[in-house]
Q: 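Would you mind keeping the following structure in view while I ask a few things?
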Amino acid sequence: MKIFSCQNCRNPLYFENTVCLVCGSQVGYLEETFSLVNLTQAHSGFSLGTNNGKFYRYCQNAQYDACNWLVDMSSSSTFCTACSLNKTIPSLEIEKNLTEWRKIEIAKHRLVYALLRFGLPVVDKDWAPDEGLAFNFLSDTSHGNNNAPVRTGHLNGLITINIAEADSVHREYMRKQMAEPYRTLIGHFRHEVGHYYWERLIRNNFQEEQNFRAVFGDERADYGQALEKHYAQGAPKNWNYNYISAYAASHPWEDWAETWAHYLHLIDMLETAFYFGIKIGDDFGNTAPIKMEAVFDPYTQPDFEAIIESFLPLTFALNSLNRSMGQPDIYPFVIPDNVIGKLRYVHQLLHKK
Ligand SMILES: [Zn+2]
Ligand SMILES: [Zn+2]
Ligand SMILES: [Zn+2]
C-alpha cells in the first residue's frame, strides 16, 4: 500500500486516516486519484484543496468509522465503490460485531484499492446480477437458527466472510486446526476474490482456459470429491515442490485462488517497499545475492522477473526483522520454481487486459 501524506503539513498518513494527527486537517480517500486529500467544508459537504469544482461527502459507512472514502455529492449513491459491494453486514447493535466489522472493512478496502489499481472490473452485483461482485459479512448467530457455522467462501460473485475471522483468538485457533502457516482477513479476501476473477477472466474464454490448464491442470476434475479427498487424506507428499500451500494441492481452482492471493500479497508488499524506498544490500558473499531496491511501482511493472527478484530478498529481510522481535515470519512461505511459473501466469493475465 502507498504511504500517503497530508497536503497541508506533509505528515505521512495511513490509508485509513480521516484526520492528520499533526495539523488536525480532515482528510478522505479519493478513488479517482488513489490518494488521500485534505478537505474543506463547503456546500454541506467538502471541497478539495485541488479545487476540481466538485463537492464530496464521506461514504455513509464513515458514521461507523468503517470507511474514509469520498463520494461525489452529485452521485446517486451514498456509498463508495468499496462499500456499495456490501450485501449484508452484521447487526451493529451488538458492539462486538461493530468492532469486528471495522477490521473486515479495513481488509476489504485494501483489497478493493488493489483491484482498482489493476484496472479490474469492480461492479456492484445490484447493477450486474450475473457478473457483479458482492460481500456477505455474517456471524454464526445472525444467519438463521440451524446452528451451521457460516462458511467463508465464494459463489457466483458473492463472497461470504464469517465475521468471527476478525477475532484474533478465533483466527489463531482456526489456523492451528487447519495447520496453516498464515491466516489473515486480507488473505481471505484475496483468496476468495481470486475465485471470482477466475470466472470473470478465464471461464468461457476458450484460449484462456487452455492457457490456465497448461499451468494449473484441468479444473474440470470433480471439485467436491477433490476437497473431500483433501480433508480425508491431506496433501500429497512433496506438495511443496508444486504448490504454495497444502490447500492449493486440493484442486486447480484452489491452486489458482491461493496463487492469485500470493500475487496480491507480493504486489502490496512491494508497493509499500517502493513508497519507503527500501533497499536491501548484499554483503553475504554468496552466489545468489540477497539484494533489492524498490524503485518501481509494482502495479505498473510489466516485467515479472523484476517483481519476483525484488520480492524474495524483501521477504528474507522482513522475516529476519520479525524474528528480531520474536514474531513469526511475516511471509512464512517458500516459493518453489513451479509456483513462480504460476505467479507469472497471474501476472501476465493481469497485464493482458
Ligand atoms: Zn497535516
Ligand atoms: Zn465506503
Ligand atoms: Zn478457495
Side-chain angles (χ1 to χ4, degrees), residues 3-31 35-40 49 56-72 75 77-86 89 101-102 104-113 116 122 124 135 137 151-162 165 178 180 183 187-199 216 219 223-224 226-227 230-231 243-262 264:
I3 303 306
F4 302 89
S5 74
C6 172
Q7 292 168 328
N8 184 41
C9 74
R10 312 312 301 169
N11 177 50
L13 299 170
Y14 289 111
F15 181 53
E16 290 81 15
N17 279 146
T18 51
V19 170
C20 168
L21 294 177
V22 170
C23 73
S25 297
Q26 206 164 10
V27 298
Y29 179 77
L30 186 63
E31 293 176 36
S35 58
L36 276 186
V37 289
N38 288 48
L39 305 172
T40 310
Y56 296 88
R57 58 184 160 223
Y58 278 121
C59 166
Q60 201 179 314
N61 282 338
Q63 65 180 310
Y64 302 111
D65 254 339
C67 181
N68 65 343
W69 289 26
L70 298 168
V71 181
D72 191 326
S75 157
S77 176
T78 52
F79 289 108
C80 70
T81 301
C83 293
S84 62
L85 304 174
N86 291 358
I89 61 164
W101 176 55
R102 281 186 186 131
I104 284 172
E105 286 299 335
I106 289 175
K108 188 198 75 187
H109 281 75
R110 285 178 173 249
L111 173 80
V112 174
Y113 165 88
L116 295 172
V122 178
D124 179 356
F135 294 101
F137 303 133
R151 302 251 324 245
T152 291
H154 164 264
L155 186 66
N156 302 326
L158 179 62
I159 290 173
T160 300
I161 304 271
N162 185 336
E165 287 291 326
M178 311 292 280
E180 296 167 343
R183 191 177 180 95
H188 283 312
F189 275 107
R190 287 173 178 158
H191 175 103
E192 299 306 338
V193 93
H195 288 304
Y196 168 69
Y197 283 107
W198 188 87
E199 294 186 352
F216 288 89
E219 84 289 353
Y223 180 69
L227 287 197
H230 175 78
Y231 288 120
Y243 302 96
I244 193 65
S245 67
Y247 186 55
S250 63
H251 187 274
W253 277 337
E254 295 308 332
D255 191 12
W256 158 263
E258 286 286 87
T259 306
W260 165 281
H262 276 258
L264 296 188

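Both ligands and their constituent atoms are indexed starting at 1 by order of listing.
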Q: Return yes if a side-chain donor-acceptor contact under 3.5 Å exists between E219 and H251, otherwise no.
A: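 On atom types as modelled, these side chains do not qualify, holding no pair under 3.5 Å.
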Q: Testing the basics here: between V71 and Y58, what is the closest heavy-atom pair and its distance to 0.1 Å?
A: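 Closest approach of V71 to Y58: CG2-C, 4.5 Å.
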Q: Just by modelled atom types, is the L85 backbone N or O under 3.5 Å from a matching donor or acceptor in the D124 side chain?
A: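 No: the side chain of D124 does not pair with the backbone of L85.
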Q: For a distance under 2.8 Å, give residue and atom name for each protein N, O or S atom next to the Zn ion (ligand 2).
A: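 Per the 2.8 Å query on the Zn ion (ligand 2), atoms found are C59 SG, C67 SG, C80 SG, C83 SG.
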Q: E254: which N/O/S atom is nearest the Zn ion (ligand 3)?
A: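 Among the N, O or S atoms of E254, the one closest to the Zn ion (ligand 3) is OE1.
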Q: Quick check: do T152 and T160 have side-chain heavy atoms less than 4.5 Å from each other?
A: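 Side chain of T152 against side chain of T160, heavy atoms only: no contact under 4.5 Å found.
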Q: Find out whether F135 and E105 are in side-chain contact, i.e. whether some heavy atom of one side chain is under 4.5 Å from a heavy atom of the other.
A: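 No, their side chains stay 4.5 Å or more apart.
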Q: For the Zn ion (ligand 1), which protein N/O/S atoms are closer than 2.8 Å?
A: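 Result, waters dropped: C6 SG, C9 SG, C20 SG, C23 SG.
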Q: Which heavy atom of W69 sits nearest a heavy atom of C80, and at what distance?
A: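 For W69 and C80, the tightest heavy-atom pair comes out as CB-CB, 3.6 Å.
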Q: For the residue pair Y29 and F15, does the interplanar ring angle fall in the parallel (under 30°), tilted (30 to 60°) or perpendicular (over 60°) class?
A: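 Judged by the thresholds at 30° and 60°, the geometry between Y29 and F15 is perpendicular.
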Q: Can you tell me the N, O or S atom of H195 that's nearest the Zn ion (ligand 3)?
A: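 Distance check against the Zn ion (ligand 3) picks out NE2 in H195.
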Q: Just by modelled atom types, is the Y243 backbone N or O under 3.5 Å from a matching donor or acceptor in the D255 side chain?
A: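 No; zero donor-acceptor contacts below 3.5 Å.
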Q: Give the minimum heavy-atom separation between F216 and T259, together with the two atoms involved.
A: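 The pair with the smallest heavy-atom distance is CE2-OG1, 3.6 Å.
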